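Just so it is clear: chains get the letters A, B, ... in the order the sequence lines come, proteins before strands, and each one is counted from 1. Just so it is clear, the model here is predicted, and its values are computed rather than measured.
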Amino acid sequence: MSGSACSIVWFRRDLRVEDNPALAAGVRAGAVVAVFVWAPEEEGHYYPGRVSRWWLKHSLAHLGSSLRSLGTCLITKRSSDSVSSLLEIVKSTGATQLFFNHLYDPISLVRDHRAKEVLTAHGVAVRSFNADLLYEPWDVNDAQGRPFTTFSAFWERCLSMPYDPEAPLLPPKRIISGWFSLNSVLHLLISIINHCPSLNFVGLQQCDATTCHSDELVFEDESEKGSNALLARAWSPGWSNADKALTTFINGPLIEYSKNRRKADSATTSFLSPHLHFGEVSVRKVFHLVRIKQVLWANEGNKAGEESVNLFLKSIGLREFSRYLSFNHPYSHERPLLGHLKFFPWVVDEGYFKAWRQGRTGYPLVDAGMRELWATGWLHDRIRVVVSSFFVKVLQLPWRWGMKYFWDTLLDADLESDALGWQYISGTLPDGREFERIDNPQFEGYKFDPHGEYVRRWLPELARLPTDWIHHPWNAPESVLQAAGIELGSNYPLPIVGIDAAKDRLQEAVSVMWQQEAVSRAAIENGTEEGLGDSSESAPFSFPQDIQMEENVEPARNDAPATTWRYEDQMVPSMTTTLVRGIHEEASSDLRTSTEDSRAEVPRNVNIHQEPQRDSLNHGIQQTARNNNTFRQFNLPMGLGNAEDSTADSSTSSSRRERDGGVVPVWSPPASSYSEQFIGDENGIGTSSSYLPRHPQSHQIVNWRRLSQTG
DNA sequence: TGTGCATTGTG
DNA sequence: ACAATGCAC
């Protein structure tokens, strides 16, 4: 067997043995070398946060032991360049094939494309598969063959495709290890030993070091261990646990999903998102199992059950759509899909930002959510909407700051989903929310947490406040506050911004935004400029510093055993990496509590670069010729110059200070990342916009429906 | 089997 | 904020 085909199965965010097409292909082809490469520097700013790394660590261990019991082991590699690591493994194993499953985030699209090119050039046959989606993004198009821009149309199409999603594959019964022939024998031996707990030869667990050794991967540092220890009480990473979670959900809470979905505080969601993020369970399996229930309940005439299924499937659909958008608009994690928002004068206020992170905004529902997020890495979807919409609409902070904080703190942090979520909230999707609409956290509070239990759980300082006032303590009579032991402004803050003030400020900002947009458009039409750039939008990005959180002000304890959570845990670990050290030092010298209204200026003269032809992003997984006008134009994330910062053009990391001392976000991509790839592609078209058109029905200026009725 | 007000959902 | 739906009469 050993002399025959040996293939590498490259695991990434598909950490499962069941319904894993790449693994199945490897097993079918002969001997398998299973590999995981840990190269977080490739992700640039999106270095995974603490809790996400914790999950990954356990998920990998779980996968490794599954693979061992099937007859092989998981080779782990620490690397700064996945592709060269793969190449090394090819050389040391003599593998002739590489199999992996598709990912759709912009960094992976480019990296995987390169992997395909490089390995093919070395004579390796490379094949990749769909394991993450019901349908590949390029298979879902409208009647004209164009990609959808709105979710509902997209999802409608998905549900009425002429063919069903592939049926899930069973796990392999046995895997032939791709080491030299002795190894397969050795592994058989090991798996026997592993099944007998009294014989635990630690050394034998490793794969043969002379052929291909595994690196020990480090996913947490000492300071993170204590905080991470608590996570294991609530979560069990790993594909078979994911499978259990799925079964539990489908046979239990699913039928009530519709009824319970507005409760912030109950265990009625599927809790599948972190499992799905790491591919521990396949969406196709989820879909199939849910479909079975759907048929069952439809036959029984169970309306609530049917509604629940539709709603749950819709959230699966949103996950699909996030990949779809990311694929079709590779910059959707850093620039708004509707162009007008790039002219929005964001409030660059680190004090606001800090208050939001700490759960000290003075709005109980928002604060409870932010405390929960910090303590657990988890937030109910509804509460995510509440806190993020507060962030964007009331505080008017740049949405990408919030997105980055979510990325750093969420257990299920997922670039595509989070980008979709924040764009939706920010009103930058063609069918997103009205930007001008502010949701009042007080009313939302009574909607999602009618008895205040959620607030009391996470804000113990409000625990004794009666329900009548729990979502608006600032209105409570002094006597009530006193009885509850609350002194506003002292042990619980007054609202950081009043809702009425926020509405006024938002209106004003929106009119500034449209003005700027008009100016820009006129400039483009006159041909005097190539177009204006974004302010904090497509402009390079950095997170505000403020990482060494000075305070020893411990937030009030909740009743959970949270005493070992240290305050720094709430901070943003990935920003302390050397990647952005320079930014912090420069910017922190200027840190101050900003004034009420420090807004970013809209920079002028930002270079407009071309978006690559889509094919170049598809890492060869799509064969359809795209010779038409699918090119769009994009600002590149790297080296954007503008009038005030032209010297930053060639540097990979820089920041720009605003007149008020706020720091405009600056993107510093990892060297040699995808931006180069994009620059190389000159297939762009003139100056047409890369932004999506706004969907008419979501725009209040013209009411199409009414027009057609009167006509 | 209409009109008016409340409730609900909005990706 | 608004449209669509649900219910009282």
Side-chain angles (χ1 to χ4, degrees), chain A residues 134 137 140 147-159 257-264 269 273 303-304 306-308 310-326 328-329 332-333 336-338 341 379-394 399 402-403 406 414-448 450 499-500 502-504 506-507 510-511 692-710:
Chain A
L134 299 176
V140 185
F148 292 101
T149 56
T150 60
F151 170 71
S152 53
F154 163 81
W155 188 230
E156 222 167 89
R157 178 73 185 138
C158 285
L159 291 176
Y257 189 78
S258 158
K259 204 176 96 203
N260 288 329
R261 93 201 102 106
R262 36 178 45 245
K263 293 186 191 154
T269 59
S273 56
K303 280 271 182 276
E306 273 189 276
E307 206 192 325
S308 290
N310 289 336
L311 264 163
F312 179 69
L313 285 182
K314 186 177 141 189
S315 66
I316 295 292
L318 284 166
R319 180 184 175 283
E320 296 271 312
F321 191 56
S322 73
R323 271 78 180 146
Y324 187 81
L325 271 190
S326 174
N328 287 307
H329 306 276
S332 59
H333 62 303
L337 288 170
L338 289 178
L341 203 82
L379 221 44
H380 190 290
D381 180 59
R382 291 280 145 177
I383 305 301
R384 294 183 198 206
V385 171
V386 168
V387 300
S388 54
S389 124
F390 184 86
F391 185 94
V392 171
K393 310 278 180 76
V394 177
W399 62 277
M403 191 183 117
F406 268 25
D414 181 282
L415 199 53
E416 297 96 307
S417 290
D418 292 346
L420 176 64
W422 282 89
Q423 295 239 14
Y424 162 61
I425 289 306
S426 307
T428 59
L429 294 173
D431 51 355
R433 296 194 149 191
E434 283 298 306
F435 192 81
E436 290 88 339
R437 177 182 137 200
I438 287 186
D439 293 304
N440 190 326
Q442 176 185 337
F443 303 145
E444 306 251 278
Y446 286 107
K447 231 156 133 191
F448 302 132
I499 291 296
D500 290 340
K503 278 183 183 156
D504 292 347
L506 187 60
Q507 249 179 4
V510 164
S511 78
L692 293 171
R694 193 178 179 94
H695 193 66
Q697 283 183 2
S698 74
H699 204 284
Q700 295 310 303
I701 291 170
V702 181
N703 186 329
W704 295 97
R705 191 159 301 203
R706 198 163 285 162
L707 280 179
S708 64
Q709 271 169 4
T710 54

**Item:** Whole-Å gap separating P (C/dC2) and CZ (A/Arg437)
**Value:**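 Answer to the nearest Å: 11 Å.
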**Prompt:** Nearest-Å distance, CD1 (A/Ile438) to C1' (C/dC2)?
**Reply:** 17 Å
**Request:** Return the set of residues passing salt bridge (charged side-chain N to carboxylate O under 4.0 Å, His left out) with A/Arg382 (not counting sequence neighbours), or none when no residue passes.
**Result:** none
**Prompt:** Can you list the residues that meet the salt bridge (charged side-chain N to carboxylate O under 4.0 Å, His left out) rule with A/Arg157, with sequence neighbours excluded?
**Reply:** none
**Message:** Regarding A/Asn440, tell me which of base, sugar-phosphate or nothing describes its non-hydrogen contacts under 4.0 Å with the strands shown.
**Reply:**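 Nothing, no nucleic acid heavy atom in range.
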**Request:** Check every strand shown and say whether A/Gly317 touches a base, only sugar-phosphate, or nothing at a heavy-atom separation below 4.0 Å.
**Result:** nothing
**Item:** Terminal contacting nucleotides, 5' and 3', DNA chain B versus chain A (heavy atom, 4.0 Å)
**Value:** B/dG9 to B/dG11
Taking side chain to side chain donor-acceptor pair (under 3.5 Å) as the definition, give me every residue that meets it alongside [X], ordered by chain and number, with sequence neighbours left out.
{"X": "A/Asp504", "result": "none"}
{"X": "A/Glu307", "result": "A/Ser258"}
{"X": "A/Glu416", "result": "none"}

**Request:** Return the orientation label for the A/Tyr324 and A/Phe154 ring planes: parallel under 30°, perpendicular over 60°, tilted otherwise.
**Result:**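 A/Tyr324 and A/Phe154: tilted rings.
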